[in-house]
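Lettering of chains follows the sequences in order, A, B, ..., and the numbering in each one begins at 1. Atom set for the values below is all heavy atoms of this structure, side chains included, hydrogens, waters and symmetry mates excluded. These numbers were taken from a predicted model, which means no experiment stands behind them.
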Protein chains: 2
Amino acid sequence: MTQVAGRDTRSEILDKALELFTRQGYAGTSLRDIADAVGFTKAALYYHFPAKEDLLLALLDPVIKALDALVTGEHTHPASLLAAYLDFIIERRPVVGFVLREPAALDHPALAQVQWDLIVRLRDRVAGPGSTPDDRVRAACALGAVHMAVLSIDPENLPAARDVIVASACAALAG
Amino acid sequence: MTQVAGRDTRSEILDKALELFTRQGYAGTSLRDIADAVGFTKAALYYHFPAKEDLLLALLDPVIKALDALVTGEHTHPASLLAAYLDFIIERRPVVGFVLREPAALDHPALAQVQWDLIVRLRDRVAGPGSTPDDRVRAACALGAVHMAVLSIDPENLPAARDVIVASACAALAG
DNA sequence: GTCTATAGGCAGATAGAC
DNA sequence: GTCTATCTGCCTATAGAC
């Protein structure tokens with residue numbers, strides 16, 4: 001287990017950082033806050049992450065990669081894509097809850113465009129090929145329905161609500 | 001116009017502050033940023049707003065009051081309430097875009113609970129009296145559909161999309 | 001109503017001991 | 001890998017001139 005200590009510490013830092021970032025925002029969270037939460041000093045953080053921004057990137061990178069995979073993947077039916085997106089979000093609820101709000105992530109030069117492009121590609125795939133502008137509006141509504149449901153429902157009730165959410169999002173898509 | 005100068009300056013400060021807060025977040029925006037944007041110094045801001053937090057409150061207070069009025073108001077049909085909520089958001093798009101993200105607003109002791117209560121009351125009124133848990137999930141979806149649509153659609157196209165959004169949100173509500 | 005000047009604190013980041 | 005100590009700079013906020 002000595003060899004795993006490095007990874008454990010790193011993961012623990014990321015966990016606490018995510019928790020604080022979500023609650024207070026990226027800019028509103030100091031490295032001291034994170035260090036205190038983990039139980040050691042600011043300086044020690046710098047061994048694991050050379051800069052504050054690296055925490056943000058380490059948190060978002062896997063989400064972006066996974067979303068890219070989802071959007072690029074082979075879901076032929078809008079309904080199955082919506083369901084897959086819902087599962088994707090449920091699985092990563094904490095990070096997603098953070099990303100959807102964080103101005104720093106939306107403002108970040110390297111992240112903002114990537115995320116926006118992904119969300120637009122997802123919307124357009126949900127809308128389907130040959131979609132009209134109105135179709136894309138409804139697709140955006142469907143995605144919004146999924147977001148709001150996941151973020152506002154008590155996590156433990158999510159599994160039970162899953163099918164209701166998918167059905168509601170599909171209904172929004174159909175208009 | 002001399003008498004109006006005070007109000008104009010105040011409004012201008014709030015406008016710029018909102019713009020910067022939305023882009024960079026509350027914590028990520030310094031009073032210097034705002035002062036520079038308005039065209040005078042930090043210290044001058046303090047004449048109009050005794051503390052940074054007062055900018056936040058001045059921005060959110062009218063929105064909260066208006067939302068409270070909307071939720072308390074007499075919209076008997078879920079559809080008319082959803083439409084009214086959409087119009088409410090369209091009318092205040094910039095502030096709402098800010099509120100929906102800002103951790104500082106959600107974390108603020110005096111604001112967080114109030115806002116959350118309002119959103120829950122709104123959801124429950126949309127769900128209607130005697131609603132089941134599933135009804136409330138669908139109501140949350142409907143609200144999310146409205147949010148996402150308004151925030152992702154180019155503002156100038158919103159009037160044209162309005163009816164599509166309402167229809168889509170109502171469909172989400174019906175399931 | 002806006003300014004200059006500055007207090008006082010905390011931020012992110014680094015150096016180097018252990 | 002984690003520590004202490006410290007640098008530098010920006011932050012909010014205040015005092016007081018104009």
Visitor: Less than 4.0 angstrom from a charged side-chain N to a carboxylate O is my criterion; do E12(A) and K16(A) meet it?
Guide: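 Salt bridge absent between E12(A) and K16(A).
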
Visitor: Grab the OH-C1' distance between Y47(A) and dA17(C) for me, whole Å please.
Guide: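 It works out to 16 Å between those atoms.
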
Visitor: Would you mind reading off the distance between F49(B) atom CZ and dA13(D) atom P, rounded to a whole angstrom?
Guide: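 Taking CZ of F49(B) and P of dA13(D), I get 13 Å after rounding.
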
Visitor: I'd like a table of atom pairs between the protein and nucleotides 10-12 of chain C - only N or O on both sides, under 3.5 Å - with the distance next to each one.
Guide:
from: dA11(C); atom 1: OP1; to: S30(A); atom 2: OG; distance (Å): 3.3
from: dG12(C); atom 1: OP1; to: K52(A); atom 2: NZ; distance (Å): 3.0
from: dG12(C); atom 1: OP2; to: L31(A); atom 2: N; distance (Å): 2.8
from: dG12(C); atom 1: N7; to: K42(A); atom 2: NZ; distance (Å): 3.3
from: dG12(C); atom 1: O6; to: K42(A); atom 2: NZ; distance (Å): 3.4

Visitor: Looking only at side-chain N and O atoms, does T41(A) come under 4.0 Å of OP1 or OP2 in dC3(D)?
Guide: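 Yes.
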
Visitor: With nearest nucleotides of DNA chain C determined for A43(A) and A43(B) from heavy-atom distances, which residue corresponds to the more 5′ nucleotide?
Guide: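 The answer here is A43(B).
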
Visitor: When you measure from the centre of the six-membered ring of Y26(A), is the NZ or CZ of K52(A) closer than 6.0 Å and no more than 45° off the axis?
Guide: yes

Visitor: Where does the angle between the aromatic ring planes of H48(A) and F40(A) fall among parallel (under 30°), tilted (30 to 60°) and perpendicular (over 60°)?
Guide: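 Parallel.
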
Visitor: Is D36(B) salt-bridged to K42(B), cutoff N-O under 4.0 Å?
Guide: no

Visitor: Write down the distance between CG (L45(A)) and P (dT2(D)), rounded to a whole number of angstrom.
Guide: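 It works out to 10 Å between those atoms.
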
Visitor: Find the distance H48(A):NE2 to dT2(D):C1' and express it as a whole number of Å.
Guide: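 Atom NE2 in H48(A) sits about 8 Å away from atom C1' in dT2(D).
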
Visitor: Going by heavy atoms in the side chains, are T72(A) and R121(A) under 4.5 Å from each other?
Guide: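 With C-beta onward as the side chain, the pair touches.
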
Visitor: Nearest-Å distance, CG (D54(A)) to P (dT14(C))?
Guide: 11 Å

Visitor: Under 6.0 Å from the CZ atom of R32(A), do we count more than 12 heavy atoms belonging to anything else shown?
Guide: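 Atom CZ in R32(A) is not packed in, count stays at 12 or less.
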
Visitor: Can you confirm whether the side chains of T132(B) and D135(B) place a donor and an acceptor under 3.5 Å from each other?
Guide: yes

Visitor: Rounding to a whole Å, what distance do you find between L55(B):CG and dA13(D):C1'?
Guide: 13 Å

Visitor: Output the rounded distance in Å from CD (Q24(B)) to C1' (dC11(D)).
Guide: 14 Å

Visitor: Rounded to the nearest Å, what distance is computed from the CG atom of residue D8(B) to the C1' atom of nucleotide dG1(C)?
Guide: 14 Å

Visitor: When we call it a touch if two heavy atoms are under 4.0 Å apart, what does F40(B) touch: a base, just sugar-phosphate, or nothing?
Guide: sugar-phosphate

